[in-house]
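Report on the following structure.
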Amino acid sequence: LLIGVAFGKFADIILSYVFHSYRPRFKFNLEVTKQLFKFGKWIGLAGIITFITRQGDAIMIGKLLTTYDLGLYSLALSLGTLPSTEISKVMGNVLFPFFSKIQNDLELLKSSFIRLFRVLYAFIIPALIGIFTLNNEIVYIVYGSKWTAMIPILNIVLIIAILRSFELIVNPLFLGIGKPKINTYILTIQSIIMFSLIVPLAKMFGVVGIALSVASSLLISQSILFFKIKHTIKLGFKGFFNIISLPIIASLIMFNIMHTLKSIFLITNPFILVLYIIFGIIIYFISIYLLDKVFGRKYYESWLWLKKNI
């Protein structure tokens, strides 16, 4: 595995020389070094805190609970955070340089953030609600009956996923406008809260308590991050609610229809499960399309803007 990772990084370097004419050259500049260190020290510290926080829950499960609990938690975390984390990570890689280019134009920064947030959450929200709708069937059919104990954990992990996706989208904005220490402060608060809660909650609720400690730390830290973003680009709670309202409504329509269908047509094998997933996707996109058409086609406009500018 390590050899594969190392070979992949080496291949990236070789291909970068093949596909681009730029050739880096070593040149030492003390002033530039100071600027980079001033900016980079916060990113480096944030990386360390992120590693400790992301691995801390699994380490505490290993110390306080059983390997079976660790397996339940790991599977629930990988399944529940997959859609939001992957979508946010892909966009996060391109948002930092994009925001850095427009950092001096507050109105453009705000309008761009709103469009990006609108499009990303139009995919993240239905994906998480879709997993919640079919959580029992997904776990039973994909993983087997012995893993059904992970369902309560999975439901909490879905909350973790929506909170973590907010962080992954907002962080590039603060990096882009030259304020990396905000991200580091938020991660520090998150880490302190999680490690303060993790032992008592684990003793009270077991592995579910571990998930609750992570969700609680994210809820508090992301609330602080929300007020930071509100102060920076002047986007309040009402503005955020307007951004995510239509995906929530369309996702609830999808949830109600699929929940009703499940009581009539049982999901008993992988083929039927896939059909339900496809049907849920169709319901959601029809719903969001019709709602968007009624309320000004803002999502369609944001999607076109995203394709053109990102």
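Below, all heavy atoms of this structure are taken into account, side chains as well, without hydrogens, waters or symmetry copies.
Expressed to the nearest 0.5 Å, how far CD1 of Ile131 lies from CG of Asn155 amounts to 10.5 Å. Rounding to the nearest 0.5 Å gives a distance of 5.5 Å between CG of Leu45 and OG1 of Thr184. Distance check, rounded to the nearest 0.5 Å: CG of Asn171 to CG of Leu187 gives 6.5 Å. Interatomic distance, CG of Leu116 versus CG of Leu306, reported as 6.0 Å (0.5 Å rounding). Atom NE2 of residue His259 and atom CE of residue Met254 lie 13.0 Å apart, to the nearest 0.5 angstrom. In this structure, the separation between CD1 on Ile257 and CD1 on Ile283 is 4.5 Å, given to the nearest 0.5 Å.
The number of heavy atoms from other shown groups lying within 6.0 Å of OH (Tyr143) is above 12. Other residues, nucleotides and ligands place more than 12 heavy atoms under 6.0 Å from the CZ atom of Phe195. Atom NZ of Lys228 sits in a sparse spot, with 12 or fewer heavy atoms from other residues, nucleotides or ligands closer than 6.0 Å. No more than 12 heavy-atom neighbours from other residues, nucleotides or ligands sit within 6.0 angstrom of NZ on Lys293.
In this structure, Ala250 and Ser287 approach most closely via the heavy-atom pair CB-CB, 3.8 Å. Contact between Ala122 and Tyr299 at its shortest, heavy atoms only, is CB-CD2, 4.2 Å. Of all heavy-atom pairs spanning Leu64 and Ala202, the tightest one is CD1-CB, 3.9 Å. Closest heavy-atom contact between Pro172 and Leu95: CB-CB, 3.7 Å. Taking every heavy atom of both residues into account, Gly80 and Val157 meet most closely at CA-CG1, 3.7 Å. When every heavy atom of Val139 is checked against every heavy atom of Trp147, the shortest pair comes out as CG1-O, 3.3 Å.
Panel note: side chain Ser74, backbone Gly71; no donor-acceptor pair is recorded below 3.5 Å. For the pair Ser78 (side chain) and Leu75 (backbone), a donor-acceptor distance under 3.5 Å is present. At least one donor-acceptor pair closer than 3.5 Å links the side chain of Asp292 to the backbone N or O of Tyr300. A donor-acceptor pair under 3.5 Å is absent between the side-chain atoms of Asn135 and the main chain of Ile151, judged by distance alone. In this structure, the side chain of Thr148 engages the main chain of Ser145 through a donor-acceptor pair within 3.5 Å.
Ile124 and Phe241 fall into different hydrophobic clusters, where Ile, Leu, Val, Met, Phe, Trp and Tyr residues are linked whenever their side-chain heavy atoms come under 4.5 Å apart, directly or through other members. Both Phe205 and Leu65 belong to a single network of hydrophobic side chains, linked directly or stepwise wherever heavy atoms of I, L, V, M, F, W or Y lie under 4.5 Å apart. In this structure, Ile278 is not a member of the same hydrophobic cluster as Leu134, with clusters built from ILVMFWY side-chain heavy atoms closer than 4.5 Å. With hydrophobic clusters built from ILVMFWY side chains whose heavy atoms lie under 4.5 angstrom apart, Leu82 does not share a cluster with Tyr121. In the hydrophobic cluster analysis, where Ile, Leu, Val, Met, Phe, Trp and Tyr join through side-chain heavy atoms closer than 4.5 angstrom, Ile49 is grouped apart from Ile193.
With sequence neighbours excluded, no residue forms a side chain to side chain donor-acceptor pair (under 3.5 Å) with Gln103. Residues passing the side-chain contact (heavy atoms from CB on, under 4.5 Å) test with Ser111 are Leu108, Arg115, sequence neighbours excluded.
At a threshold of 4.5 Å between non-hydrogen side-chain atoms, the residues Ile229 and Phe240 count as touching. Side-chain contact between Ile186 and Phe174 is absent, with no heavy atoms from C-beta onward closer than 4.5 Å. Side-chain contact between Leu246 and Phe295: present, with at least one pair of heavy atoms (C-beta onward) separated by less than 4.5 Å. Under the 4.5 Å side-chain criterion, counting only non-hydrogen atoms from C-beta, Leu235 is in contact with Ile114. Side-chain atoms of Val119 and Phe123, non-hydrogen and from C-beta on, do get closer than 4.5 Å to each other. Side-chain atoms of Lys308 and Leu304, non-hydrogen and from C-beta on, never get closer than 4.5 Å to each other.
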For residues 207-227, tabulate all N or O donor-acceptor pairs below 3.5 Å that involve a side-chain atom, not counting sequence neighbours.
from   : atom 1 : to     : atom 2 : distance (Å)
Ser213 : OG     : Ile210 : O      : 2.6
Ser216 : OG     : Leu212 : O      : 2.7
Ser217 : OG     : Ser213 : O      : 3.3
Ser217 : OG     : Val214 : O      : 2.8
Ser221 : OG     : Ser217 : O      : 2.9
Ser221 : OG     : Leu218 : O      : 3.2
Gln222 : NE2    : Glu167 : OE2    : 3.4
Ser223 : OG     : Leu219 : O      : 2.6

Show me the side-chain donor-acceptor pairs of residues 263-276 shorter than 3.5 Å, one per line, residues at least two apart or across chains.
from   : atom 1 : to     : atom 2 : distance (Å)
Ser263 : OG     : Thr260 : O      : 2.5
Asn269 : OD1    : Phe271 : N      : 3.0
Asn269 : OD1    : Ile272 : N      : 2.9
Tyr276 : OH     : Leu261 : O      : 3.1
Tyr276 : OH     : Phe265 : O      : 2.6

Please lay out, stage by stage, how Lys262 and Glu137 fare under the test side chain to side chain contact (heavy atoms under 4.5 Å, CB included).
-> CA-CA 10 Å; Lys262 283 200 305 177; Glu137 292 77 14; 3.4 Å; yes

Does the side chain to side chain contact (heavy atoms under 4.5 Å, CB included) test come out yes or no for Arg164 and Arg54, once each step is laid out?
-> CA-CA 11 Å; Arg164 194 168 282 174; Arg54 295 288 173 89; 3.4 Å; yes

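Among pairs with a residue in residues 233-245, none fulfils side chain to side chain donor-acceptor pair (under 3.5 Å), at least two apart in sequence or across chains. Residue pairs that meet the side chain to side chain donor-acceptor pair (under 3.5 Å) test with at least one member in residues 59-71, sequence neighbours left out, are Thr66-Asp69.
A ring-centre distance under 6.0 Å is found for Trp42 and Tyr185. Residues Phe285 and Tyr289 keep their aromatic ring centres 6.0 Å or farther apart.
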